[in-house]
Amino acid sequence: CKSKEHENKMIICDICDRAFHSDCLKPKLTKIPEDDWYCPDCKSCRGCKKSLMNEKGFPNIEHLLWRDKFFACQMCTIMYDNDEYCPICFEIVEEEDEGDYICCDTCNLWVHASC
(Lines give C-alpha, C1' and ligand atoms only; values in the text may rest on other atoms or scores of the structure.)
Protein backbone atom coordinates (compact mmCIF):
# COMPACT_ATOMS: atom_id res chain seq x y z
CA CYS A 1 0.00 0.00 0.00
CA LYS A 2 3.11 2.20 0.34
CA SER A 3 1.68 3.93 3.42
CA LYS A 4 4.08 4.65 6.27
CA GLU A 5 1.30 4.79 8.85
CA HIS A 6 0.59 2.09 11.45
CA GLU A 7 4.22 1.19 12.05
CA ASN A 8 3.12 -1.21 14.80
CA LYS A 9 1.55 -3.44 12.12
CA MET A 10 4.64 -3.51 9.88
CA ILE A 11 6.78 -6.55 9.26
CA ILE A 12 10.16 -6.43 7.53
CA CYS A 13 11.33 -9.08 5.08
CA ASP A 14 14.53 -10.76 6.26
CA ILE A 15 15.90 -10.87 2.70
CA CYS A 16 15.08 -7.57 0.98
CA ASP A 17 14.44 -5.45 4.10
CA ARG A 18 11.21 -4.00 2.68
CA ALA A 19 8.39 -3.30 5.15
CA PHE A 20 4.82 -4.56 4.75
CA HIS A 21 1.66 -4.00 6.78
CA SER A 22 0.51 -7.36 8.12
CA ASP A 23 -3.08 -6.41 7.17
CA CYS A 24 -2.13 -5.59 3.56
CA LEU A 25 -0.57 -9.00 2.85
CA LYS A 26 -2.65 -11.59 1.01
CA PRO A 27 -3.48 -13.62 2.98
CA LYS A 28 -3.32 -11.26 5.94
CA LEU A 29 -0.73 -12.08 8.55
CA THR A 30 -2.63 -12.46 11.82
CA LYS A 31 0.45 -12.85 14.01
CA ILE A 32 3.94 -11.43 13.54
CA PRO A 33 6.31 -14.43 13.43
CA GLU A 34 9.16 -14.62 15.93
CA ASP A 35 11.46 -16.27 13.38
CA ASP A 36 12.57 -15.05 9.96
CA TRP A 37 9.84 -13.84 7.60
CA TYR A 38 10.08 -13.56 3.82
CA CYS A 39 7.84 -11.35 1.69
CA PRO A 40 5.92 -12.77 -1.29
CA ASP A 41 8.39 -11.24 -3.77
CA CYS A 42 11.30 -13.08 -2.14
CA LYS A 43 9.49 -16.41 -1.72
CA SER A 44 8.75 -17.03 -5.38
CA CYS A 45 10.17 -16.12 -8.76
CA ARG A 46 8.47 -13.04 -10.17
CA GLY A 47 8.62 -14.44 -13.71
CA CYS A 48 7.48 -18.06 -13.45
CA LYS A 49 6.00 -17.99 -9.92
CA LYS A 50 7.98 -21.08 -8.86
CA SER A 51 8.98 -21.26 -5.22
CA LEU A 52 12.47 -20.05 -4.39
CA MET A 53 12.38 -21.76 -1.00
CA ASN A 54 14.04 -25.04 -0.12
CA GLU A 55 12.35 -27.98 1.59
CA LYS A 56 13.09 -26.47 5.03
CA GLY A 57 11.33 -23.21 4.18
CA PHE A 58 14.48 -21.16 3.73
CA PRO A 59 15.47 -19.28 0.56
CA ASN A 60 17.63 -21.13 -1.96
CA ILE A 61 20.16 -18.29 -1.95
CA GLU A 62 22.34 -19.91 -4.61
CA HIS A 63 19.38 -19.93 -7.04
CA LEU A 64 18.21 -16.36 -6.43
CA LEU A 65 19.16 -13.41 -8.56
CA TRP A 66 18.07 -9.87 -7.66
CA ARG A 67 16.20 -8.09 -10.46
CA ASP A 68 15.00 -4.53 -9.81
CA LYS A 69 13.26 -4.99 -6.43
CA PHE A 70 12.46 -8.68 -6.73
CA PHE A 71 14.12 -12.07 -7.02
CA ALA A 72 14.06 -14.32 -10.04
CA CYS A 73 15.23 -17.86 -10.67
CA GLN A 74 18.22 -18.39 -12.93
CA MET A 75 16.11 -19.32 -15.98
CA CYS A 76 13.88 -16.26 -15.69
CA THR A 77 16.92 -14.03 -15.14
CA ILE A 78 18.13 -15.07 -18.59
CA MET A 79 14.70 -14.16 -19.99
CA TYR A 80 14.82 -10.77 -18.24
CA ASP A 81 18.30 -10.12 -19.61
CA ASN A 82 16.93 -10.89 -23.10
CA ASP A 83 13.95 -8.53 -22.58
CA GLU A 84 11.50 -11.42 -22.79
CA TYR A 85 9.13 -10.21 -20.09
CA CYS A 86 6.13 -7.94 -19.68
CA PRO A 87 7.49 -4.69 -18.17
CA ILE A 88 4.20 -4.08 -16.36
CA CYS A 89 3.65 -7.34 -14.45
CA PHE A 90 7.19 -8.78 -14.93
CA GLU A 91 5.86 -12.17 -16.08
CA ILE A 92 8.00 -13.94 -18.65
CA VAL A 93 6.73 -13.76 -22.24
CA GLU A 94 7.55 -16.91 -24.17
CA GLU A 95 7.05 -17.43 -27.90
CA GLU A 96 4.69 -20.37 -27.38
CA ASP A 97 2.52 -18.39 -24.94
CA GLU A 98 -0.97 -17.80 -26.13
CA GLY A 99 -2.60 -14.50 -25.39
CA ASP A 100 -2.89 -10.97 -26.53
CA TYR A 101 0.37 -9.05 -26.50
CA ILE A 102 1.15 -5.56 -27.71
CA CYS A 103 4.62 -4.38 -28.67
CA CYS A 104 5.47 -1.05 -27.04
CA ASP A 105 6.57 1.55 -29.60
CA THR A 106 8.87 3.20 -27.05
CA CYS A 107 10.76 0.29 -25.46
CA ASN A 108 10.05 -2.51 -28.00
CA LEU A 109 9.04 -4.89 -25.19
CA TRP A 110 5.97 -7.08 -25.50
CA VAL A 111 3.26 -6.21 -22.99
CA HIS A 112 0.17 -8.22 -22.03
CA ALA A 113 -2.85 -6.43 -23.50
CA SER A 114 -4.55 -6.82 -20.13
CA CYS A 115 -1.69 -4.94 -18.42
Side-chain angles (χ1 to χ4, degrees):
C1 73
K2 299 186 183 181
S3 169
K4 294 180 182 175
E5 295 180 21
H6 306 292
E7 289 181 19
N8 62 328
K9 292 187 174 186
M10 291 235 177
I11 185 166
I12 297 174
C13 176
D14 286 300
I15 296 177
C16 68
D17 291 329
R18 289 184 297 153
F20 295 80
H21 289 110
S22 57
D23 292 344
C24 294
L25 293 168
K26 295 179 185 171
K28 291 181 180 181
L29 198 59
T30 56
K31 182 181 175 192
I32 303 297
E34 293 179 19
D35 297 328
D36 289 348
W37 178 81
Y38 310 111
C39 73
D41 289 338
C42 291
K43 287 173 74 171
S44 61
C45 174
R46 188 76 173 263
C48 65
K49 308 291 188 234
K50 290 182 183 172
S51 175
L52 297 173
M53 309 302 274
N54 65 22
E55 62 279 350
K56 294 181 182 177
F58 294 104
N60 268 329
I61 299 297
E62 66 273 6
H63 298 296
L64 303 178
L65 295 164
W66 187 250
R67 309 301 298 166
D68 190 30
K69 300 182 183 175
F70 63 88
F71 281 102
C73 66
Q74 291 177 344
M75 182 57 83
C76 287
T77 298
I78 293 167
M79 304 291 272
Y80 287 121
D81 290 345
N82 291 330
D83 292 333
E84 297 175 14
Y85 67 96
C86 173
I88 307 297
C89 69
F90 295 101
E91 287 187 15
I92 298 299
V93 176
E94 298 186 52
E95 288 183 25
E96 62 271 2
D97 282 350
E98 292 183 18
D100 295 324
Y101 296 100
I102 302 166
C103 186
C104 176
D105 291 334
T106 304
C107 67
N108 290 324
L109 291 176
W110 287 92
V111 179
H112 294 111
S114 59
C115 288

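Residues His112 and Cys89 form a side-chain contact, since some pair of their non-hydrogen atoms from C-beta on lies under 4.5 Å apart. Within the 4.5 Å cutoff, the side chain of Pro87 has heavy atoms near those of the Val111 side chain. The closest side-chain heavy-atom distance from Cys73 to Leu52 is below 4.5 Å.
Atom CD1 in Ile12 sits 12.5 Å away from atom CG in Asp36 (nearest 0.5 Å). The structure places OH of Tyr85 at 11.5 Å from CZ of Arg46, a figure rounded to the nearest 0.5 Å. Here CG of Asp17 is found 10.0 Å from SG of Cys39. Values are rounded to the nearest 0.5 Å. Here the straight-line distance linking atom OH of Tyr80 with atom SG of Cys45 works out to 5.5 Å at 0.5 Å rounding. Put simply, CD1 on Ile15 and SG on Cys42 are 4.5 Å apart, with the number rounded to the nearest 0.5 Å. If you take CE on Met79 and CD on Gln74, they are separated by 14.5 Å, rounding to the nearest 0.5 Å.
Between the side chain of Tyr38 and the main chain of Ser44, no donor-acceptor pair closer than 3.5 Å is present.
By the 4.5 Å side-chain criterion applied to Ile, Leu, Val, Met, Phe, Trp and Tyr, Phe20 is assigned to a cluster that also includes Ile11, Leu25, Leu29, Ile32, Trp37.
Counted within 6.0 Å of NZ on Lys49, heavy atoms from surrounding residues, nucleotides or ligands total more than 12; the atom is thus considered enclosed.
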(message) Assess the residue pair Trp110 and Asp83 against the criterion (side chain to side chain contact (heavy atoms under 4.5 Å, CB included)); give the C-alpha distance rounded to whole Å, side-chain angles, the decisive distance to 0.1 Å, and a yes or no.
(response) CA-CA 9 Å; Trp110 287 92; Asp83 292 333; over 6 Å; no
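Take Asp23 and apply the side-chain hydrogen bond (donor to acceptor under 3.5 Å, both in side chains) test, not counting sequence neighbours, and it matches Lys9.
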